[in-house]
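Below is one structure, written out as structure tokens, with a few remarks after it.
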Amino acid sequence: RLESVGKLDFTYGKIEIRAKLPTGVGTWPAVWMLGSNIGSVGWPACGEIDILESVGKNPNQNHSSLHSSGRSGNTPDTGTIKVPNDNTEFHIYTADWRADYIKFSVDNKVFYTFVNSDKFPFNKNFYLIVNLAMGGVWGGSVDPSFTSSALEVDYIRVYN
């Protein structure tokens with residue numbers, strides 16, 4: 001797990017990730033963001049922006065989600081897209097984060113637009129997190145025959 005907390009916190013911008021996802025039931029790769037005020041307000045009040053999230057039990061299906069108070073856990077605001085060969089080819093995952101919207105795309109194809117406003121916690125500083133979880137509530141049980149795989153990140157770029 002890599003975090004930019006205390007090193008890179010920002011409000012708004014275009015976040016671009018070029019990545020190839022791991023293979024295997026139980027893998028749970030993600031590139032996501034948390035509100036920098038999580039220490040004082042907790043989760044989900046701080047807000048969470050999932051730019052790229054996938055689970056190995058659903059190959060080639062990627063999610064972009066937003067979690068906030070009353071819209072967290074199993075009830076986030078979310079968009080889903082099929083990305084063929086997401087584990088054998090690099091793809092570009094993007095969040096275009098503005099005061100009035102957050103648009104999510106893969107390889108320049110917008111698949112989900114969230115209408116942002118002051119009633120949501122997405123108008124203040126956030127920091128980035130990159131991680132590859134194994135198992136977990138959403139990831140599910142790890143396949144007993146699983147040996148190894150990798151989340152390959154070529155780059156993460158933030159334009160603001």
Side-chain angles (χ1 to χ4, degrees), residues 1-22 26-58 61-81 83 86 90-140 150-160:
R1 178 174 170 145
L2 300 171
E3 295 185 359
S4 74
V5 65
K7 296 177 179 81
L8 175 66
D9 299 86
F10 59 96
T11 304
Y12 309 131
K14 180 179 174 185
I15 304 96
E16 189 175 88
I17 300 108
R18 185 172 185 266
K20 186 179 354 175
L21 304 186
T27 59
W28 184 359
V31 179
W32 51 299
M33 300 168 63
L34 279 175
S36 298
N37 64 345
I38 189 169
S40 60
V41 302
W43 185 89
C46 66
E48 177 180 325
I49 302 171
D50 299 321
I51 303 167
L52 160 62
E53 194 169 22
S54 183
V55 289
K57 63 185 175 187
N58 299 319
Q61 185 175 24
N62 300 162
H63 305 265
S64 294
S65 305
L66 297 115
H67 299 267
S68 58
S69 296
R71 300 167 101 107
S72 60
N74 293 330
T75 58
D77 293 291
T78 192
T80 304
I81 185 172
V83 182
D86 67 357
F90 282 92
H91 294 275
I92 298 172
Y93 302 88
T94 306
D96 184 6
W97 175 28
R98 311 288 174 148
D100 54 345
Y101 65 81
I102 306 172
K103 290 184 181 182
F104 297 94
S105 61
V106 177
D107 297 330
N108 294 314
K109 178 185 175 187
V110 174
F111 68 94
Y112 179 55
T113 300
F114 173 81
V115 178
N116 196 13
S117 71
D118 290 338
K119 74 178 191 173
F120 297 105
F122 309 117
N123 296 296
K124 56 183 175 43
N125 277 352
F126 275 68
Y127 64 92
L128 282 162
I129 302 168
V130 179
N131 71 279
L132 172 54
M134 295 298 295
V137 175
W138 194 30
L151 167 58
E152 296 180 55
V153 179
D154 182 34
Y155 62 77
I156 298 175
R157 296 179 179 152
V158 177
Y159 306 91
N160 61 352

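For the pair Leu21 and Ser54, the tightest heavy-atom approach, listed with the atom from each and the gap, is CD1-CB, 3.8 Å. Closest approach of Gly139 to Val55, counting heavy atoms only: CA-CG1, 3.9 Å. The minimum heavy-atom distance linking Pro121 with Ala45 is given by the pair CB-O, 3.4 Å. Nearest heavy-atom pair across Gly70 and Thr75 is O-OG1, 4.1 Å. When all heavy atoms of Ile49 and Phe122 are compared, the pair lying nearest together is CG1-CD2, 3.7 Å. Of all non-hydrogen atoms in Ala30 and Glu53, the two that sit nearest each other are CB-CG, 4.2 Å.
When atom types are taken as modelled, the side chain of Asp86 and the backbone of Asn62 share no donor-acceptor pair closer than 3.5 angstrom. Of the possible polar contacts, none joining the Ser65 side chain to the Asp50 backbone as a donor-acceptor pair under 3.5 Å is found. With Lys124 contributing its side chain and Cys46 its backbone, the two residues share a donor-acceptor pair below 3.5 Å. The backbone N or O of Trp138 sits less than 3.5 Å from a side-chain atom of Lys57, completing a donor-acceptor pair. No side-chain donor-acceptor contact under 3.5 Å links Asp100 to the backbone of Asn116.
For the pair Val130 and Leu151, the minimum side-chain heavy-atom distance is below 4.5 Å. Taking 4.5 Å as the limit, every side-chain heavy atom of Leu8 sits out of range of all side-chain heavy atoms of Tyr127. At least one side-chain heavy atom of Asp77 sits under 4.5 Å from a side-chain heavy atom of Tyr112. Inter-residue side-chain proximity for Met134 and Thr27 is flagged as met; some heavy-atom pair is nearer than 4.5 Å. Phe114 is not listed as a side-chain neighbour of Ser64, based on a closest heavy-atom distance of 4.5 Å or more.
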Could you go through the side chain to side chain donor-acceptor pair (under 3.5 Å) check for Asn131 and Trp32 one step at a time? CA-CA 9 Å; Asn131 71 279; Trp32 51 299; 2.5 Å; yes

Apply salt bridge (charged side-chain N to carboxylate O under 4.0 Å, His left out) to Lys103 and Asp96, showing your working. CA-CA 5 Å; Lys103 290 184 181 182; Asp96 184 6; over 6 Å; no

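Ring pair Tyr93/His91 is perpendicular by interplanar angle, where above 60° counts as perpendicular and below 30° as parallel.
The number of heavy-atom neighbours closer than 6.0 Å to CG of Asn108, taken from other residues, nucleotides and ligands shown, is 12 or below. Surrounding NZ of Lys109 are at most 12 heavy atoms belonging to other residues, nucleotides or ligands under 6.0 Å away. With a 6.0 Å radius and a threshold of 12 heavy atoms from other residues, nucleotides or ligands, Asp118 has its CG atom at or below the threshold.
A search for side-chain hydrogen bond (donor to acceptor under 3.5 Å, both in side chains) contacts involving Thr80 returns His63, not counting sequence neighbours. Every residue meeting the side-chain hydrogen bond (donor to acceptor under 3.5 Å, both in side chains) condition with Thr11, not counting sequence neighbours, appears here in chain and number order: Asn125. With sequence neighbours excluded, the residues satisfying side-chain hydrogen bond (donor to acceptor under 3.5 Å, both in side chains) with Trp43 are Glu48. Considering only residues two or more places apart in sequence or on other chains, Arg157 meets the side-chain contact (heavy atoms from CB on, under 4.5 Å) condition with Glu16, Tyr155, Tyr159. Evaluation of the side-chain hydrogen bond (donor to acceptor under 3.5 Å, both in side chains) rule for Lys14 yields no partner, not counting sequence neighbours. Take Tyr12 and apply the side-chain contact (heavy atoms from CB on, under 4.5 Å) test, not counting sequence neighbours, and it matches Trp97, Ala99, Asn123.
Among Asp9, Ile156, Leu128, the one residue that satisfies the side-chain contact (heavy atoms from CB on, under 4.5 Å) test with Ser4 is Leu128.
Distance CD1/Ile17 to OG1/Thr94: 7.0 Å, rounded to 0.5 Å. Atom CD1 of residue Ile81 and atom CD of residue Gln61 lie 10.5 Å apart, to the nearest 0.5 angstrom.
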